[in-house]
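Small disclaimer: the values here were computed from a predicted structure and weren't measured. Below, chains carry the letters A, B, ... as their sequence lines are ordered, and counting in each starts from 1.
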Amino acid sequence: MAEPQPRPVQPVAVSGARRRAPLVHGGRTGAGPVVRSAQGRPCALSGLCAVDVVRGGHHLPRRHPVVLMARQGRNMMKQSQLFLNTLREVPADADVVSHQLMLRAGLIRQHAAGVYSFLPLGMRVLHKIETIVREEMDAAGAQEVMLPALQLEELWRQSGRSEDYGPLMFRVTDRHGRAMVLGPTHEEVITELVRHEVRSYRQLPFTLYQIQTKFRDEARPRAGLLRLREFRMKDAYSFDIDEEGLDRSYRAMFDAYCRIFDRIGIAYRAVDADPGAIGGEGGTHEFMVLSEAGEDTVVGCEACNYSANIEKASGQALPAAGSSGVPAKARVATPGVRTIDDLVQTLGVAKAQVLKVVVYLADGQPVAACVRGDHEVNEVKLKNTLRARHLELASPEAVEALTGYPVGFVPPTISIPVVFDRDVASVADGVAAAGAGYHEVHVVPGRDVVLTRVADIRNVTEGDLCPHCGGRLRFFRGIEVGHVFKLGTKYSRAFGATYLDEKGQERTILMGCYGLGTSRIIPAIIEQCHDEDGIIWPLAVAPFHVHIVPVNVRDEQQVKAATMLYQRLAAAGVEVLLDDRDERPGVKFKDADLIGLPLRVTVGNRVAEGKVEVKVRKTGEVQVLSLEEAFQTILHTVK
RNA sequence: CGGAGCAUAGCGCAGCUUGGUAGCGCGCCUGCCUUGGGAGCAGGAGGUCGUGGGUUCAAAUCCCGCUGCUCCGACCA
């Protein structure tokens with residue numbers, strides 16, 4: 001590094017008490033060690049005047065290293081020393097509020113698309129989140145490990161996921177030409193590990209977890225920390241002998257997740273989900289933080305607690321319509337009428353009467369999906385119905401080549417396999433395409449169109465009825481911060497992870513896996529906890545608990561009071577940030593609001609009467625208190 | 001991977017249409033002054049205009065290629 005290093009300076013005279021003084025985070029109350037400047041003056045605040053460092057060609061730190069060491073601890077930080085640069089203006093590349101605030105408050109800086117550095121404040125938040133996660137994992141009986149981030153590609157071939165993940169994996173080659181990947185997840189590694197360790201049912205069950213940096217070469221990183229290519233994740237894996245055990249392990253993790261989000265202090269919902277590429281034979285839930293910035297649509301019932309990812313959500317089937325009174329179908333010329341909207345216009349029918357046909361390629365084979373004109377095909381459901389590995393919308397050219405009909409004119413009676421949504425049956429008097437330039441009216445599903453294969457393959461819509469209680473379904477946006485799966489034997493079978501039961505029979509281990517995006521939780525929190533002035537940290541994850549702001553650091557009384565409170569609080573285990581900068585009050589207040597620590601103590605003119613102000617960031621509520629009262633109040637709030 | 005946009009000082013931007021050797025605000029440094037909501041005055045530092053090529057006497061500006069970043073879509077534990 002080209003940065004100039006501080007040159008050695010002569011040691012500062014330090015009172016003899018220093019060596020014996022307990023470190024501030026030792027939990028003992030009392031004044032901090034007395035530090036004197038080289039001139040022998042007691043240093044009132046922060047060493048602002050502690051040491052006059054001789055300046056050479058380069059600027060040297062104003063404060064002497066010895067002073068720093070004697071006065072530092074995880075509970076205390078002077079803002080003049082903090083590696084923090086707040087931004088007054090909104091960076092042009094950030095248009096999601098959590099991203100803007102993380103940059104402005106100096107939590108993170110971008111390195112590349114989807115790759116960020118965590119600065120001290122951001123690191124403290126991440127650390128707190130991961131500490132909570134660790135505590136709850138441990139409390140749930142899981143054991144921490146750390147698995148390789150650098151993994152043999154061979155392992156991914158064994159599970160068949162090397163191809164599944166494809167370009168999503170960062171691939172590297174070692175000096176011997178061996179193919180390796182940067183781990184996007186760890187099912188393979190852990191299963192391979194466990195397979196070698198477990199022989200007997202006596203060794204089961206257990207759950208292992210790790211907190212790791214993971215790598216996914218996302219096609220489109222997004223919105224700051226919401227979708228990263230290098231990100232932090234806690235992942236846990238459970239190993240059981242039977243379904244019952246797996247249920248217990250799953251439940252333990254599910255409950256631990258609830259405690260984690262409760263402790264962090266954000267609103268979340270556990271929703272039914274689709275297992276997606278990770279596979280899995282049992283249940284799965286996603287933990288969603290509700291936020292407009294979220295990438296997922298969450299469906300929730302107004303009346304009961306049913307909620308599901310839209311990929312998974314089902315409503316009650318719509319009542320089927322009969323064919324009574326519907327005239328025989330008739331062919332009409334509809335040249336150029338390609339879209340549903342066109343049909344509605346030209347034929348004067350309702351969207352809900354139209355039978356929409358969409359052509360897909362399922363593992364390369366053409367398949368048509370037929371849904372009502374006002375409904376959307378749910379590709380996840382369709383893919384699951386077809387048991388396909390890959391499903392993609394056919395291009396217009398492909399549609400014509402495969403079906404012989406142009407897009408918009410593919411009839412539901414086509415010869416390629418057609419999957420009908422179950423709610424197609426709700427169409428009484430329908431309209432369907434009938435080849436290029438024609439449609440048919442008075443079409444009755446079942447009568448005029450043979451429903452060869454019927455399944456739920458559409459997205460629910462707002463207003464559909466809850467499958468559990470019949471209440472109305474509503475949509476929300478959510479950020480997926482956690483996902484728990486019952487994997488069953490998918491990986492254990494692929495890797496031969498087995499055990500011998502009581503009878504000496506070889507059996508396959510049942511697995512569960514449980515992910516939690518620790519870095520993604522940060523923007524999720526901020527999305528929920530901010531106002532126009534900045535972040536509003538929940539106490540449990542705030543980088544510090546209290547921000548002490550002496551209004552004028554040239555006022556000796558203010559400095560003295562602020563420092564005293566700072567040291568007492570820190571010694572009592574409160575995490576305190578002291579704004580000892582010689583800045584104007586406005587600047588300090590703006591920064592304090594932006595950084596968003598839960599409590600702010602303003603030490604101003606009223607200190608003459610022994611009073612300071614304690615302000616709650618979230619509510620704006622201000623209390624004028626004596627120093628002692630302030631100390632007690634803060635202590636009780638934080639502890 | 002498709003579509004769109006952007007790239008000029010640490011940050012936010014102007015300059016480009018009509019080529020003549022770079023500017024504004026904020027921040028930063030020095031001094032004075034000021035200290036309860038991003039003050040004021042004076043002085044100052046800082047830019048191979050993303051990159052490679054081309055056109056031209058002359059390119060931030062015109063042309064071509066590349067790269068990076070952002071957004072929309074596709075994709076997605």
Euclidean distance for [atom1], [N] against [M] (whole angstrom):
{"N": "B:U35", "M": "B:U17", "atom1": "C1'", "answer": "49 Å"}
{"N": "B:G73", "M": "B:G50", "atom1": "P", "answer": "30 Å"}
{"N": "B:G65", "M": "B:A4", "atom1": "P", "answer": "14 Å"}
{"N": "B:A42", "M": "B:C33", "atom1": "C1'", "answer": "11 Å"}
{"N": "B:C1", "M": "B:A45", "atom1": "C1'", "answer": "46 Å"}
{"N": "B:A58", "M": "B:G20", "atom1": "C1'", "answer": "7 Å"}
{"N": "B:U8", "M": "B:G52", "atom1": "P", "answer": "15 Å"}
{"N": "B:A60", "M": "B:U21", "atom1": "P", "answer": "10 Å"}

Evaluation steps, ring pair (Phe, Tyr, Trp, His ring centres under 6.0 Å), between A:F254 and A:H285: CA-CA 8 Å; A:F254 188 100; A:H285 288 87; 5.1 Å; yes
Quiz item: cation-pi between A:K214 and A:F231, 6.0 Å / 45°: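 Relative to the ring axis of A:F231, which defines the angle, A:K214 lies outside at least one limit.
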For [N], give the paired nucleotide (Watson-Crick: N1-N3 plus N6-O4 or O6-N4; G-U: N1-O2 and O6-N3; both under 3.5 Å), or none.
{"N": "B:G5", "answer": "B:C69"}
{"N": "B:C57", "answer": "B:G20"}
{"N": "B:A45", "answer": "none"}

One thing to verify: whether [Y] and [X] come together as a salt bridge, which I'm taking to mean a side-chain N less than 4.0 angstrom from a carboxylate O.
{"X": "A:D247", "Y": "A:K486", "result": "yes"}
{"X": "A:D593", "Y": "A:R600", "result": "yes"}
{"X": "A:E621", "Y": "A:K615", "result": "no"}
{"X": "A:E188", "Y": "A:R161", "result": "yes"}
{"X": "A:D591", "Y": "A:R581", "result": "yes"}

Extract from the structure each pairing of a protein N or O with an N or O of nucleotides 69-71 of chain B at less than 3.5 Å, listing the distance.
| from | atom 1 | to | atom 2 | distance (Å) |
| --- | --- | --- | --- | --- |
| B:C69 | OP1 | A:A113 | N | 2.8 |
| B:C69 | O3' | A:Q110 | NE2 | 3.4 |
| B:C69 | O2' | A:D93 | OD2 | 2.7 |
| B:U70 | OP1 | A:Q110 | NE2 | 3.0 |
| B:C71 | OP1 | A:A223 | N | 3.4 |

Nearest-Å distance, [atom1] ([X]) to [atom2] ([N])?
{"X": "A:L103", "N": "B:G10", "atom1": "CG", "atom2": "P", "answer": "17 Å"}
{"X": "A:R161", "N": "B:C76", "atom1": "CZ", "atom2": "P", "answer": "14 Å"}
{"X": "A:E376", "N": "B:G73", "atom1": "CD", "atom2": "C1'", "answer": "14 Å"}
{"X": "A:Q100", "N": "B:C11", "atom1": "CD", "atom2": "P", "answer": "16 Å"}
{"X": "A:M233", "N": "B:C76", "atom1": "CE", "atom2": "P", "answer": "17 Å"}
{"X": "A:N85", "N": "B:C28", "atom1": "CG", "atom2": "C1'", "answer": "10 Å"}
{"X": "A:E89", "N": "B:C13", "atom1": "CD", "atom2": "P", "answer": "8 Å"}

Under 4.0 Å protein heavy-atom contacts per nucleotide of nucleotides 32-39 of chain B, with B for base, S for backbone only and - for none: --BBBBBB
A:R477 side-chain N/O to A:S291 backbone N/O, donor-acceptor pair under 3.5 Å: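 Side chain of A:R477 to backbone of A:S291: no pair is present.
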Candidate list A:V181, A:T185, A:L182, test side-chain contact (heavy atoms from CB on, under 4.5 Å), partner A:Q151, passing option: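 Between A:Q151 and the candidates, side-chain contact (heavy atoms from CB on, under 4.5 Å) is satisfied uniquely by A:V181.
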Centroid separation A:Y209 to A:Y237 less than 6.0 Å: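 No, too far apart.
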